[in-house]
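Structure in structure tokens, see below.
These figures come from a predicted structure and were not determined experimentally.
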Amino acid sequence: MTDRDRPPTSDPDPHATPGAAGAEKPAVTKRTTAKKAAAKKATTKKAAAEKTAATKTTAKKTAAKKAPAQAATKAAAKKASAKKAPAKRAAPARTTTPVAASPATSPSASPAPSSSVSPAVPFEDRERLIDGTHHDPHAVLGAHPVPGGIAVRVFRPYALGVAVHAEGLQVELRHDGDGFFSALLPLAEVPAYRLEVAYEGTVLHTEDPYRFLPTLGELDLHLIGEGRHERLWQVLGAHPMTHQGVEGTRFSVWAPNARGVRVAGDFDLWDGTAYPMRSLGASGVWELFVPGIGEGELYKFEITRPDGSKTLRADPMARRTEVPPATSSIVHASHHEWGDEEWLARRAERPAHEAPLSVYEVHLPSWRPGLSYRELAEQLPAYVKDLGFTHVELMPVAEHPFGGSWGYQVTGFYAPTARLGTPDDFKYLVDALHRAGIGVIVDWVPAHFPRDDWALAQFDGRALYEHSDPLRAAHPDWGTLEFDFGRREVRNFLVANALYWCEEFHIDGLRVDAVASMLYLDYSRESGQWTPNVHGGRENLDAVAFLQEMNATVYRRVPGVVTVAEESTAWDGVTRATHHRGPSGFGGLGFGLKWNMGWMHDSLQYMSHDPIHRRYHHGEMTFSMVYAYSENYVLPISHDEVVHGKGSLVSKMPGDWWQQRANLRAYLGFMWSHPGKQLLFMGQEFAQGSEWSEARGPDWWLLDPSYGAAADHRGVLDLVRDLNTVYRATPALWARDVHPDGFQWIVGDAADDNVFAFLRYDDRGSPLLAVSNFSSAVRPDYRLGVPDDVPAWAEVLNTDAARYGGSDVVHPDPVKPEPQGWHGRPASIRLTLPPLATVWLRPA
């Protein structure tokens, strides 16, 4: 998405946060009965559900999950914050003396042994656990050696009684008040044990989350602290696993400013009181292994901010999310079995800038509105393969709250949007494209993120992912927040994210959005609104270092992947290697390709003029060759050029309907033969007349045989297919794209004729001759200088052919050179140039 065409900022509705209201007594009951209870317990739960208290709990949870999103105002934020603090509101009334469990509802167990040593949780720890501000609950809860035995402490709000089962012992814990239970076991060592917890109407048996060792190792924490954990997604987030022989889910999150973090979800009725996480040293990471929790569970992190207030946040590392506008994260594990081994084995055979690369840009939700990832997998690969494109480029697929942003305002950087299916469904689509021989490039948006108060903004109560300087944090154009590229953990989050898409989803390329907005401190800012860097310049040195690190890491870790920069300025060395310094003193950014925004703007400007006036704008078509080899370029006719009142590609062309289509065909022929790779946005391949709408998608009905003008649109579609077919079979059109010796002008100054002619060469010196006549007049016997070592030239493509809807001024027979020198060449040929057309010829 270009800097000037960004759609409005995130949806004014920041989206409802599920179930922030306080949970009632059967919080753990719901998890156990759903996941582990036997038939007897299910019956017990059903009976309990009929009780008034359980019914009230369910009603509160349902109401909380369906609470409407709050407006993004200060007053609404306070209201939302109040809604999202279940611990303080839902905690049981505090008592000052221990309360014994009722015999009618207590677990069947022996009374706790008496001892002079009190195993109860100390008062200060009780206060911090209740308030959600304890940094090390495992040091207090669980089983610990003390003088006289093993102290077992359990924090189960709303429980009527708790017993511990260990090594043949069944000991009833004393209720110490506020939901705390304790006992002293007459054992010498900490045993493996389970808990029996009684709630109103039911009893459950469960593991104690606070008897488990940390699931993250010292090396993981060290790499996180250094900002160098390249597979960050494997250690942070929610991961179903078997830990110490027990199945459950590890939850971990980076929140260094938090006073405490708890896990809330469906399994505890969105009341995280009983699930405080532990802080792992100085890493800023909080962790908790919750037994019995598996795939499909909804969850968020309840964070206590530095000021003591609470916020309920989606997991920044969530690999699956609810369908927007719902905002919860979902515990996920992949089960997809890939079938693209052959594709992956050969994709690194040739670098992208020296290979054929013709890209079909797609907005998945609107390509065929209503189709899921799996349904798209049945249609998209076949369509793209038929048209001969080598790659698709998918507009952002990462989760985003507002569909009108087209995915460019991301809240779930590690989760494919749930609008179209699960992460495995998206893998299925990528797999299908690969098996059809089509590469997949994905738009990636590391420049900024929206301000939704359940996502990354002020994540743990202070600026974390965004810059701490408000002037550098706020993006002036889009109402979003810019990442703090100078913070190593933030760089790690983004670099690992780039690798995640390439490694986990087998993505073949990342098109990096809005690079220019990252590179300049004064981007869209007036004087006084930005601070120069340490050298007094306007360059964002942190962003430069981040992009260099990202590119170097991706190319090292994932051979065959290409990164593409959407960079709209003349920054020096976008596609230069990171270790090669240029005139500006900077090393290259390390991208493989760069969008040529200058060519796009100039060439479309030229085409918009009536042919009679084009002679005065001839340089708009030739200027691109002045800088064509300064970077490795892609020629993009993207979604940005056919929205926001700009009209479709064919509607930009002057003249009547026939002339518009002829201009379009000639332009596409010129584009496909110009040095650089090609990108065409969906709908333009069949000359859609209206501009793109994300709600409607392409006007496929234009190709319906029952439509009177369908042949006109099919003619353009057939041309695009033939352009790709000839392009892929002709190395002269792609092998030397980034080498000056791969291009030679025949005539570049025929402004009065509106004619352009040039040669393209492959690695062996075999040429292709491209001639474009952008006047509306037929030019018979037009002489062009050519090399004298080609005995005859055969026409391989003519955009004026009748099958494309043209006037059929074609050259069916080989054209032989004459020994008359022309245009500085020793020989020449005479061609009849069709009106508004491009012709390709190669040695017969």
Side-chain angles (χ1 to χ4, degrees), residues 319-324 330 332 334-340 343-344 358-400 403-408 410 412 414-445 500-502 504-511 638-639 642 679-686 688 692-704 717 720-721 724:
R319 291 169 295 154
R320 184 181 173 192
T321 69
E322 285 189 289
V323 178
I330 302 178
H332 172 72
S334 177
H335 301 283
H336 179 75
E337 296 183 4
W338 289 94
D340 61 350
W343 170 268
L344 296 181
S358 173
V359 183
Y360 182 61
E361 188 187 23
V362 178
H363 179 251
L364 284 178
S366 68
W367 185 73
R368 298 269 190 183
L371 295 188
S372 67
Y373 290 130
R374 289 185 179 268
E375 291 167 335
L376 284 163
E378 302 303 317
Q379 298 186 32
L380 183 61
Y383 181 79
V384 176
K385 183 176 182 178
D386 174 66
L387 288 183
F389 288 97
T390 67
H391 289 70
V392 293
E393 181 175 312
L394 308 180
M395 291 167 67
V397 296
E399 193 59 271
H400 50 283
S405 76
W406 313 331
Y408 289 98
V410 179
Y414 284 80
T417 179
R419 292 171 175 85
L420 307 181
T422 69
D424 276 3
D425 294 338
F426 179 62
K427 289 182 178 181
Y428 183 87
L429 171 59
V430 175
D431 209 347
L433 287 161
H434 283 172
R435 286 184 276 109
I438 300 162
V440 181
I441 300 170
V442 167
D443 277 13
W444 185 54
V445 191
Y500 172 74
W501 289 101
C502 297
E504 294 293 326
F505 293 95
H506 293 195
I507 297 303
D508 305 292
L510 297 172
R511 178 268 196 183
S638 73
H639 63 276
V642 294
L679 179 142
L680 190 65
F681 183 60
M682 63 184 195
Q684 312 317 302
E685 74 273 19
F686 57 84
Q688 174 172 311
W692 171 59
S693 161
E694 77 272 7
R696 187 183 68 246
D699 293 333
W700 297 109
W701 58 271
L702 295 172
L703 299 173
D704 191 324
L717 188 73
V720 170
R721 182 187 298 108
N724 280 324

Please report the C-alpha distance between Arg511 and Asp443 in whole Å, then the side-chain angles of each, then the deciding distance to 0.1 Å, and finally whether the salt bridge (charged side-chain N to carboxylate O under 4.0 Å, His left out) criterion is met. CA-CA 5 Å; Arg511 178 268 196 183; Asp443 277 13; 3.3 Å; yes
Within this structure, what is the CG-OG1 distance for the pair Asn724 and Thr390, rounded to the nearest 0.5 Å? 7.5 Å
Do His506 side-chain atoms and Glu504 backbone N/O form a donor-acceptor pair below 3.5 Å? no
Closest non-hydrogen contact found for Arg419 with Val323 is CA-CG1, 4.3 Å
Do any N or O atoms from the side chain of Trp700 and from the backbone of Trp367 form a donor-acceptor pair under 3.5 angstrom? yes
The reported gap from CG in Leu376 to CG in Leu429 (rounded to nearest 0.5 angstrom) is 6.0 Å
From CD (Glu399) to OH (Tyr414), nearest 0.5 Å: 16.0 Å
Determine whether the aromatic ring centres of His363 and Trp692 lie less than 6.0 Å apart. yes
Determine, using ring centers only, whether Trp338 and Trp343 are less than 6.0 Å apart. no
Taking every heavy atom of Val359 against every heavy atom of Glu393, the minimum-distance pair comes out as CG1-CB, 3.5 Å
So which heavy atom on Ser405 is nearest to which on His400, and how close? OG-CD2, 4.0 Å
Minimum heavy-atom separation for Val397 and Leu364, please, with both atom names. CG1-CD1, 4.0 Å
Considering only distance and modelled atom types, tabulate donor-acceptor pairs under 3.5 Å from the side chains of residues 377-385, sequence neighbours left out.
unit_1: Glu378; atom_1: OE2; unit_2: Tyr428; atom_2: OH; d: 3.3
unit_1: Tyr383; atom_1: OH; unit_2: Glu685; atom_2: OE2; d: 2.6

Are Tyr360 and Phe681, when compared by the centres of their aromatic rings, separated by less than 6.0 Å? no
Using every non-hydrogen atom in the two residues, find where His434 and Asp508 come nearest and quote the distance to one decimal. NE2-OD2, 2.5 Å
Please report the interatomic distance CG(Leu702) to CZ(Phe686), rounded to the nearest 0.5 Å. 6.0 Å
Can you tell if the side chain of Cys502 reaches within under 4.5 Å of the side chain of Leu510, non-hydrogen atoms only? yes
CG on Leu387 to OG on Ser358, rounded to 0.5 Å: 9.5 Å
What is the distance from atom CG of Leu679 to atom CD1 of Ile441, rounded to the nearest 0.5 Å? 8.0 Å
Option among His391, Gln684, His639 that satisfies the side-chain hydrogen bond (donor to acceptor under 3.5 Å, both in side chains) test with Glu361: His639
Name every donor-acceptor pair, under 3.5 Å, that has one atom in a side chain of residues 420-427 and the other anywhere in the protein, sequence neighbours excluded.
unit_1: Thr422; atom_1: OG1; unit_2: Asp424; atom_2: N; d: 3.4
unit_1: Thr422; atom_1: OG1; unit_2: Asp425; atom_2: N; d: 3.1
unit_1: Thr422; atom_1: OG1; unit_2: Asp425; atom_2: OD1; d: 3.4
unit_1: Thr422; atom_1: OG1; unit_2: Asp425; atom_2: OD2; d: 3.2
unit_1: Asp424; atom_1: OD1; unit_2: Ser334; atom_2: OG; d: 2.7
unit_1: Asp424; atom_1: OD2; unit_2: His335; atom_2: N; d: 2.7
unit_1: Asp424; atom_1: OD2; unit_2: His336; atom_2: N; d: 3.3
unit_1: Asp425; atom_1: OD1; unit_2: Arg374; atom_2: NE; d: 2.5
unit_1: Asp425; atom_1: OD1; unit_2: Arg374; atom_2: NH2; d: 3.3
unit_1: Asp425; atom_1: OD2; unit_2: Thr422; atom_2: N; d: 2.9
unit_1: Lys427; atom_1: NZ; unit_2: Ser334; atom_2: OG; d: 2.8

Going through the distances and angles, do Tyr373 and Thr417 end up as a side-chain contact (heavy atoms from CB on, under 4.5 Å)? CA-CA 10 Å; Tyr373 290 130; Thr417 179; 3.2 Å; yes
